[in-house]
Amino acid sequence: MKNKDSLKSIIVLVAICIAIGAAMAGVNMLTKDTIAEVQAEKEAKALNEVVAENNGFEKLTVSGEIPESVVAVYRDKDGEGFAILLAAKGYDSSNPISIAVGIKNDGTIEKCSVISCTGETSGIGTKVSTESFLSQFDGKSDIEDVDTISGATISSSAFRAAVNDAFSVFALLSESEGLK
C-alpha cells in the first residue's frame, strides 16, 4: 500500500513539474520578442549616451584578438569615435554587467553607461551605475586613477576590466584605421 502511495506522489510531482515547465516555456515564447526589443532599445539609448553627438552608428567587425567581454563595436557615422558594448562578469557571472563605452578618436573616454546590472547585489554592486562612479571615466585615456567602490569591489573591478578591454579594442581600431 505504501509503495502505491509513494508512486502516486511521484507521478503527481512529475506531472506538476511538466505542467510548470510547459507554462514557463510558453511564457518565454510569448515574451522573447518583447524582451529582445527592450534590450535593443536600451542598447540604442546607451550608444547615443556614450557618443552624444552622432548621426547614427555603423557596426564594425574588428580583426585581431578581441577580449571575450566585447559584445559589439560601433563607429559613429560622423567618424568622431566609437561605441563599444561589453559584458563584464561581475558578482553573478551568469548575468553579466552590460556596459557601453564611448571612446573618441583621440583615445579618451567620452562617457560610460550601464545598460543592465541585474546580476549585481542591489544597493551595493548596482552602484556601478551611479553617476559618481561612471563620471570617473570621462576624459580618461587609462583608468589607473579610477577608484573601485568600497563594498562592491567585484562589480567595480569587473567594470574597470571591461573598460580596459574597450581600450584594447580601440588600440586594434587605431592600428587598422590610422588614428591617434
Side-chain angles (χ1 to χ4, degrees), residues 27-62 66-141 143 146-149 152 154-170 172-174 177 179:
V27 169
N28 186 48
M29 284 177 40
L30 292 172
T31 59
K32 73 177 179 180
D33 291 340
T34 304
I35 292 169
E37 287 174 18
V38 169
Q39 183 65 22
E41 287 173 13
K42 284 181 179 181
E43 287 178 2
K45 180 182 176 206
L47 291 175
N48 287 315
E49 205 173 284
V50 298
V51 181
E53 294 182 25
N54 67 74
N55 285 318
F57 294 92
E58 169 190 2
K59 190 170 185 177
L60 301 177
T61 302
V62 181
I66 64 169
E68 185 180 311
S69 65
V70 176
V71 174
V73 179
Y74 296 89
R75 177 190 351 222
D76 166 21
K77 285 186 177 176
D78 294 331
E80 300 296 321
F82 302 89
I84 303 165
L85 300 181
L86 304 115
K89 293 188 178 180
Y91 184 73
D92 177 3
S93 62
S94 66
N95 193 3
I97 306 168
S98 185
I99 301 167
V101 177
I103 301 181
K104 298 177 190 174
N105 287 340
D106 66 0
T108 60
I109 294 176
E110 182 169 338
K111 194 160 183 58
C112 292
S113 177
V114 174
I115 300 166
S116 171
C117 62
T118 57
E120 305 310 296
T121 306
S122 181
I124 300 171
T126 55
K127 288 182 181 178
V128 296
S129 64
T130 63
E131 187 59 32
S132 61
F133 178 72
L134 295 172
S135 64
Q136 294 183 87
F137 295 91
D138 297 354
K140 303 279 189 215
S141 57
I143 59 165
V146 174
D147 295 325
T148 58
I149 299 169
I154 294 171
S155 303
S156 53
S157 294
F159 192 100
R160 285 172 42 108
V163 172
N164 266 335
D165 289 348
F167 280 129
S168 296
V169 169
F170 178 76
L172 289 171
L173 293 167
S174 294
E177 301 202 9
L179 300 175

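Note that the structure is predicted; figures quoted are calculated from it, not measured. Sequential numbering from 1 along the given sequence is applied to the chain's residues.
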Report summary line: For Ile143, the side chain to side chain contact (heavy atoms under 4.5 Å, CB included) test, sequence neighbours excluded, returns Phe137, Val146, Arg160, Val163, Asn164, Phe167
Report task. Apply salt bridge (charged side-chain N to carboxylate O under 4.0 Å, His left out) to Glu68 and list each qualifying residue two or more places apart in sequence or on a separate chain. Result -> Lys89
Report summary line: Residues pairing under ring-ring contact (aromatic ring centres under 6.0 Å, His included) where one sits in residues 86-113, two or more places apart or in two chains, turn out to be none
Report task. Apply side chain to side chain contact (heavy atoms under 4.5 Å, CB included) to Ser129 and list each qualifying residue two or more places apart in sequence or on a separate chain. Result -> Val114, Cys117
Query raised in the report: Taking only residues two or more places apart in sequence or in another chain, which ones pass side chain to side chain donor-acceptor pair (under 3.5 Å) with Lys104?
Result: none
Requested in this report: Specify the closest pair of heavy atoms between Ser113 and Glu49, including all atoms of both residues, with the distance to one decimal.
Outcome: OG-OE2, 3.0 Å
Kindly list each side-chain donor-acceptor pair under 3.5 angstrom involving residues 52-61, sequence neighbours excluded, with atom names and distances?
unit_1 : atom_1 : unit_2 : atom_2 : d
Asn54  : OD1    : Gly56  : N      : 2.9
Asn54  : ND2    : Asn48  : OD1    : 3.1
Asn54  : ND2    : Val51  : O      : 2.5
Asn55  : ND2    : Asp78  : OD1    : 2.7
Asn55  : ND2    : Asp78  : OD2    : 3.3

Report task. Kindly write out the residues that satisfy side chain to side chain donor-acceptor pair (under 3.5 Å) with Ser69, not counting sequence neighbours, or none if the list is empty. Result -> Asp165
Report task. Drop me the distance from Lys127's NZ to Ser156's OG, to the nearest 0.5 angstrom. Result -> 10.5 Å
Report task. Applying side chain to side chain contact (heavy atoms under 4.5 Å, CB included), name anything that partners Glu131, two or more places apart in sequence or on another chain. Result -> Lys111, Ser135
Report task. Could you tell me which non-hydrogen atom of Ala166 sits nearest to which non-hydrogen atom of Ile103, and how far apart they are? Result -> O-CD1, 3.7 Å
**Report entry** side chain to side chain donor-acceptor pair (under 3.5 Å) partners of Thr118, counting only residues at least two apart
**Finding:** Asn95
Report task. Tell me, with the steps shown, if Leu85 and Leu47 meet side-chain contact (heavy atoms from CB on, under 4.5 Å). Result -> CA-CA 8 Å; Leu85 300 181; Leu47 291 175; 4.0 Å; yes
Query raised in the report: Does Thr130 have any side chain to side chain donor-acceptor pair (under 3.5 Å) partners at least two apart in sequence or in another chain, and if so, which?
Result: Ser132
Query raised in the report: Are Ile97 and Ser155 side-chain neighbours, meaning at least one heavy-atom pair lies under 4.5 Å?
Result: yes
Requested in this report: Using a 4.5 Å cut-off on heavy atoms from C-beta on, say whether the side chain of Asn105 contacts that of Phe82.
Outcome: yes
Query - Euclidean distance, Phe133 CZ relative to Thr126 OG1, rounded to 0.5 Å - result: 12.0 Å
Query - Heavy-atom closest pair, residues Gly90 and Ala158 - result: CA-CB, 3.8 Å
Query raised in the report: If every non-hydrogen atom of Cys112 is compared with every non-hydrogen atom of Phe159, which pair is closest and at what distance?
Result: CB-CZ, 4.0 Å
Query - Partner set under side chain to side chain contact (heavy atoms under 4.5 Å, CB included) for Gln39, not counting sequence neighbours - result: Lys42, Glu43, Ser98, Ile115
Query - Residues which pass salt bridge (charged side-chain N to carboxylate O under 4.0 Å, His left out) with Lys140, listed by chain and number, not counting sequence neighbours - result: Asp145
